[in-house]
Structures are given as C-alpha cells and as structure tokens.
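Since we're looking at a predicted model, the values are computed, not measured.
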Amino acid sequence: MDKKIAAVAPRSVKCALIEYKCVILLHNHVPMSPFFENLAHFTHGMAFALFLLSAVFLRIFMREGRLAKFLFVEMVFWAFIQLKDFGYLIPGYWHNEYASNIHLSIDNWCVPITMLLFFEIVSPKWVTLRKAVLVVVPPVLLTLLYILVPSQEVFMAGII
C-alpha cells in the first residue's frame with residue numbers, strides 16, 4: 001500500500017502545480033469586471049469586520065477559558081489574513097509575482113493555525129506551546145525564506 005501512495009503522490013503534486021499556474025495565468029490575463037472586483041473587495045472588508053468584531057466580542061464578553069483563548073487567537077489571525085488581502089486593492093498588484101507569492105505563502109499559515117483550534121476542540125489540553133510552535137513555525141520560516149531568497153523552489157516548498 002505504501003508503494004501505491006508513493007506512486008500517486010508525485011502526480012498530485014504535479015496537479016497542484018498545474019492548478020496554481022492556471023489560476024495565476026487566468027487572473028493575470030483575464031480582466032475581472034468592475035462589479036465583481038468591487039464585490040470581492042466588499043466581501044473581504046465584511047469578513048475583516050466579522051473576524052475583528054468576533055475577536056472583540058470574545059475578549060470582552062466571553063468568560064476566560066482555554067478554548068475561548070484559542071478562538072480569540074483564531075479570530076485575530078483571520079482578521080489579519082483579511083487585512084493582508086487589502087493589498088489587492090492596489091492596481092496591478094496581482095501582476096507582481098513576488099508580492100502575490102508572498103500573499104499566497106502567508107495564506108498557507110491558515111492550515112496550521114486552524115488545525116490547532118480543531119485539535120483543542122477534539123482533544124482539550126492536547127495543544128501545548130511546544131506543539132503549537134512545531135506546527136506553526138515551518139510555514140512561517142518558509143515564507144521568510146521566500147522573502148529573503150525569492151526563488152520558485154522555495155515558494156513551492158511552502159505550498160506543498
């Protein structure tokens with residue numbers, strides 16, 4: 001069974017690379033109508049407001065507890081992710097591959113951060129500071145490495 005998984009894995013990685021290149025190609029060459037572009041920016045703004053107000057609500061009105069703290073950190077993180085996406089309001093931002101790749105690399109932080117919340121929900125007190133650092137640090141380091149060494153190999157290592 002391990003050989004079967006190993007045989008399929010490279011193909012799935014190749015498919016992910018092809019999908020990524022197609023999305024970037026389409027977005028760079030197919031103009032979005034002003035209505036849909038404005039709608040996309042509006043939804044980013046509403047999502048930012050939702051996550052920020054949820055974090056404020058959790059901080060002020062919820063009783064202190066481990067899960068409430070995890071949820072607060074999650075809401076602040078998602079507010080940061082939405083705030084980061086306001087960079088797309090800058091005209092021609094998508095056409096800058098370096099900046100766009102940094103944005104996508106930061107988006108990859110969502111998986112480990114959200115995973116920690118789910119682990120805390122499923123198995124309370126399982127998440128420790130050590131485990132959280134081990135899960136969160138690799139994508140952050142790969143993003144920082146891409147900022148310092150902007151090569152496609154480093155970026156793809158962070159995506160995969």
Inter-residue atom distance [X].[atom1] - [Y].[atom2], 0.5 Å rounding:
{"X": "Ser54", "Y": "Arg59", "atom1": "OG", "atom2": "CZ", "answer": "15.0 Å"}
{"X": "Ile147", "Y": "Leu142", "atom1": "CD1", "atom2": "CG", "answer": "11.5 Å"}
{"X": "Phe155", "Y": "Asn101", "atom1": "CZ", "atom2": "CG", "answer": "4.0 Å"}
{"X": "Tyr98", "Y": "His103", "atom1": "OH", "atom2": "NE2", "answer": "12.5 Å"}
{"X": "Asn96", "Y": "Ile102", "atom1": "CG", "atom2": "CD1", "answer": "8.0 Å"}

Only pairs under 3.5 Å count here: list side-chain donor-acceptor contacts from residues 39-49, not counting sequence neighbours, and write none if there are none.
{"from": "Thr43", "atom 1": "OG1", "to": "Leu39", "atom 2": "O", "distance (Å)": "3.3"}
{"from": "Thr43", "atom 1": "OG1", "to": "Ala40", "atom 2": "O", "distance (Å)": "2.8"}
{"from": "His44", "atom 1": "ND1", "to": "Gln82", "atom 2": "OE1", "distance (Å)": "2.8"}

task: Establish whether Leu134 and Val137 are linked, either directly or via other cluster members, by ILVMFWY side-chain heavy-atom contacts under 4.5 Å.
output: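 No, Leu134 and Val137 fall in different hydrophobic clusters.
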query: What about Val76 and Leu53, same hydrophobic cluster or not, with Ile/Leu/Val/Met/Phe/Trp/Tyr joined at side-chain heavy-atom distances under 4.5 Å?
result: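 No; Leu53 is not reachable from Val76 via cluster members.
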field: Within the 6.0 Å centroid threshold, strictly below: Phe77 and Phe51
entry: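 Ring centres of Phe51 and Phe77 not closer than 6.0 Å.
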- prompt: Is there side-chain contact between Phe72 and Met62, with heavy atoms separated by less than 4.5 Å?
  reply: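 No, every pair of side-chain atoms sits at 4.5 Å or beyond.
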Show me the donor-acceptor pairs, under 3.5 Å and distance only, between side chains in residues 105-125 and residues at least two apart or in other chains.
{"from": "Ser105", "atom 1": "OG", "to": "Thr143", "atom 2": "OG1", "distance (Å)": "2.6"}
{"from": "Asp107", "atom 1": "OD1", "to": "Lys84", "atom 2": "NZ", "distance (Å)": "2.8"}
{"from": "Asn108", "atom 1": "ND2", "to": "Gly158", "atom 2": "O", "distance (Å)": "3.2"}
{"from": "Trp109", "atom 1": "NE1", "to": "Pro139", "atom 2": "O", "distance (Å)": "3.4"}
{"from": "Trp109", "atom 1": "NE1", "to": "Thr143", "atom 2": "OG1", "distance (Å)": "3.0"}
{"from": "Thr114", "atom 1": "OG1", "to": "Glu74", "atom 2": "OE2", "distance (Å)": "2.7"}
{"from": "Thr114", "atom 1": "OG1", "to": "Cys110", "atom 2": "O", "distance (Å)": "2.9"}
{"from": "Glu120", "atom 1": "OE1", "to": "Arg66", "atom 2": "NE", "distance (Å)": "3.3"}
{"from": "Glu120", "atom 1": "OE1", "to": "Arg66", "atom 2": "NH2", "distance (Å)": "3.4"}
{"from": "Glu120", "atom 1": "OE1", "to": "Lys125", "atom 2": "N", "distance (Å)": "3.4"}
{"from": "Glu120", "atom 1": "OE2", "to": "Arg66", "atom 2": "NE", "distance (Å)": "2.8"}
{"from": "Glu120", "atom 1": "OE2", "to": "Lys125", "atom 2": "N", "distance (Å)": "3.1"}

